[in-house]
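What follows is a set of notes on a single structure, which appears directly below.
Proteins come first, then strands; the chains are lettered A, B, ... in the order of their sequence lines, and each starts at number 1. Atom set for the values below is all heavy atoms of this structure, side chains included, hydrogens, waters and symmetry mates excluded. Keep in mind it's a predicted model, so treat the numbers as computed, not measured.
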Protein chains: 2
Amino acid sequence: MGEEIRYCPVEKALAVISGKWKPYIFRYLTGQTKRFGELQRALPHVTRKTLTQQLREMEEDGVVIRKVYPQVPPKVEYSLSDYGKTLIPVMSSLSSWGQVHSKRDNHARDNQPDG
Amino acid sequence: MGEEIRYCPVEKALAVISGKWKPYIFRYLTGQTKRFGELQRALPHVTRKTLTQQLREMEEDGVVIRKVYPQVPPKVEYSLSDYGKTLIPVMSSLSSWGQVHSKRDNHARDNQPDG
DNA sequence: CAGGATCCTAAACGATACTG
DNA sequence: CAGTATCGTTTAGGATCCTG
């Protein structure tokens with residue numbers, strides 16, 4: 001998901017936040033540190049494998065910090081890095097656009113007066 | 001690319017702008033009406049089929065207006081709809097983030113002093 | 001000029017089972 | 001608890017050829 005270099009800054013930003021569960025992970029980690037299991041419970045529809053993958057990618061991109069506590073049973077905490085936090089206003093921008101235009105779903109592309 | 005309903009506003013926004021060439025199309029159409037061929041020349045690496053697809057999706061999503069001039073040879077113009085223009089600040093947000101953090105490429109996730 | 005049709009590949013994601 | 005390994009499906013996008 002980031003194999004080739006991104007020349008377009010928009011693409012670069014999208015490369016970091018694109019991923020089926022990344023927006024959710026992002027929102028959930030904003031302001032909070034969470035354990036793997038907590039994320040899993042918050043996102044009941046994602047498999048462990050995929051959740052791990054998405055988190056690994058976010059870690060690779062430097063937006064998420066993974067802290068492993070060497071104990072048994074294992075404990076792993078995830079949090080946003082300072083770098084990751086710089087994405088918060090971007091996510092807000094996306095979010096507010098999505099909220100404002102949520103009345104316009106997939107269809108409804110003809111002039112829909114403010115119903 | 002928008003088969004299922006998006007519950008998350010961020011996902012909803014991403015669904016509209018995600019697509020390999022959409023950011024470029026977006027930027028290129030911002031403030032200008034362009035013909036299909038112009039877009040193609042501006043994006044030398046995209047095939048006609050894919051360019052058409054992306055434009056169709058953007059039209060479906062209501063962000064792009066496709067105007068066909070019934071003449072031979074055909075002439076088709078693309079422009080941003082008013083709805084599409086509401087995405088400009090969102091694109092700006094993504095873009096400026098991408099620009100600011102462009103020094104941080106795919107790797108380089110350890111502390112890299114401004115070398 | 002601006003496409004449509006068809007075939008193909010790579011990558012994302014899911015399902016399921018196993019592990020330190 | 002927090003993964004990894006393997007397999008299978010879906011889909012975005014590319015390659016190529018055809019058309020009004």
Side-chain angles (χ1 to χ4, degrees), chain A residues 1-8 10-11 14-25 28-29 33-61 64-79 106, chain B residues 1-8 11 14-26 28-29 33-61 64-79 106:
Chain A
M1 189 170 289
E3 303 293 342
E4 53 177 302
I5 297 131
R6 302 289 168 176
Y7 304 92
C8 169
V10 174
E11 259 198 289
L14 287 177
V16 175
I17 60 184
S18 288
K20 189 161 180 181
W21 306 99
K22 288 182 187 177
Y24 298 96
I25 294 172
Y28 207 65
L29 289 187
T33 294
K34 291 290 172 186
R35 295 185 57 171
F36 185 83
E38 294 183 281
L39 287 168
Q40 224 192 172
R41 276 188 292 280
L43 272 30
H45 293 312
V46 62
T47 61
R48 277 188 302 273
K49 180 206 145 200
T50 300
L51 181 56
T52 302
Q53 263 181 195
Q54 305 258 309
L55 285 165
R56 287 287 191 284
E57 287 174 7
M58 294 174 82
E59 192 192 359
E60 279 284 296
D61 287 326
V64 157
I65 292 173
R66 177 170 175 264
K67 182 166 185 182
V68 183
Y69 293 83
Q71 60 185 45
V72 179
K75 172 180 173 182
V76 179
E77 283 183 348
Y78 291 92
S79 59
N106 314 12
Chain B
M1 190 171 291
E3 302 294 340
E4 53 176 303
I5 297 132
R6 302 290 170 176
Y7 303 93
C8 169
E11 259 199 289
L14 286 177
V16 175
I17 60 183
S18 289
K20 189 162 178 181
W21 306 99
K22 289 182 185 177
Y24 297 97
I25 294 172
F26 228 100
Y28 208 66
L29 288 186
T33 294
K34 290 291 173 186
R35 296 187 55 174
F36 184 84
E38 295 183 280
L39 287 169
Q40 224 193 171
R41 276 188 293 281
L43 273 29
H45 293 312
V46 60
T47 61
R48 278 187 301 275
K49 181 209 147 199
T50 300
L51 181 55
T52 301
Q53 261 181 199
Q54 305 258 308
L55 285 165
R56 286 287 190 285
E57 286 175 8
M58 295 174 82
E59 194 193 357
E60 280 284 297
D61 287 326
V64 155
I65 292 174
R66 176 169 175 265
K67 182 168 187 183
V68 183
Y69 294 82
Q71 60 184 45
V72 178
K75 173 180 172 182
V76 180
E77 282 183 350
Y78 291 92
S79 59
N106 314 16

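Contact check, A/Q53 against C/dG14: no side-chain N or O comes under 4.0 Å of OP1 or OP2. The shortest distance between the side-chain N/O atoms of A/T50 and the OP1/OP2 oxygens of C/dC13 is not below 4.0 Å.
The distance between atom CD of A/E11 and atom P of D/dG13, rounded to the nearest whole Å, is 10 Å. In this entry the distance linking OH of A/Y69 with P of D/dG3 reads 13 Å, nearest Å. Nucleotide D/dA12 holds its C1' atom 15 Å from the CG atom of B/L51, rounded to whole Å. Remark: C1' of D/dG14 and NE2 of B/H45 are 13 Å apart, rounded to the nearest angstrom. Residue A/K34 contributes atom NZ, which lies 16 Å from atom P of D/dC1 at whole-angstrom precision. Rounded to a whole Å, the NZ atom of A/K20 is 14 Å from the P atom of C/dA12.
Axis angle between the ends of the helix from C/dC1-D/dG20 to C/dG20-D/dC1, five pairs each and rounded to 10 degrees, works out to 50°.
Taking NZ from B/K22 and CG from A/L14, the interatomic distance works out to 11.0 Å, rounded to the nearest 0.5 Å. Between atom SG of residue A/C8 and atom CZ of residue B/F26 there is a gap of 12.0 Å, rounded to the nearest 0.5 Å. With rounding to the nearest 0.5 Å, the separation of CD1 in B/I65 from CG in B/L55 is 13.0 Å.
Using a 4.0 Å cut-off between charged nitrogen and carboxylate oxygen, B/K20 and A/E11 do not count as a salt-bridge pair.
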Kindly list each side-chain donor-acceptor pair under 3.5 angstrom involving residues 37-44 of chain B, sequence neighbours excluded, with atom names and distances?
unit_1	atom_1	unit_2	atom_2	d
B/E38	OE1	B/R35	N	2.8

Under 3.5 Å between N/O atoms: give me all the protein pairs with nucleotides 2-8 of chain C, atom names plus distance.
unit_1	atom_1	unit_2	atom_2	d
C/dA2	OP1	B/R35	NE	2.9
C/dA2	OP1	B/R35	NH2	3.1
C/dA2	OP2	B/G37	N	2.8
C/dG3	OP1	B/R56	NH2	3.2
C/dG3	OP1	B/R66	NE	3.4
C/dG3	OP1	B/R66	NH2	2.8
C/dG3	OP2	B/Y78	OH	2.6
C/dG3	N7	B/R48	NE	3.3
C/dG3	O6	B/R48	NE	3.4
C/dG3	O6	B/R48	NH2	3.4
C/dG4	OP1	B/R56	NH2	3.4
C/dG4	OP2	B/R56	NH2	3.1

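A/K49 pairs by the salt bridge (charged side-chain N to carboxylate O under 4.0 Å, His left out) definition with nothing, not counting sequence neighbours. Scored by the side chain to side chain donor-acceptor pair (under 3.5 Å) test, A/T50 finds A/T47 as partners (sequence neighbours excluded).
Comparing A/P73 and A/T47 against DNA chain C, the residue whose closest nucleotide sits nearer the 5' end is A/T47.
Within the structure, side-chain hydrogen bond (donor to acceptor under 3.5 Å, both in side chains) pairs that include any residue of residues 67-79 of chain B comprise B/R56-B/Y78, B/R66-B/Y78, B/Y69-B/E77 (at least two apart or interchain).
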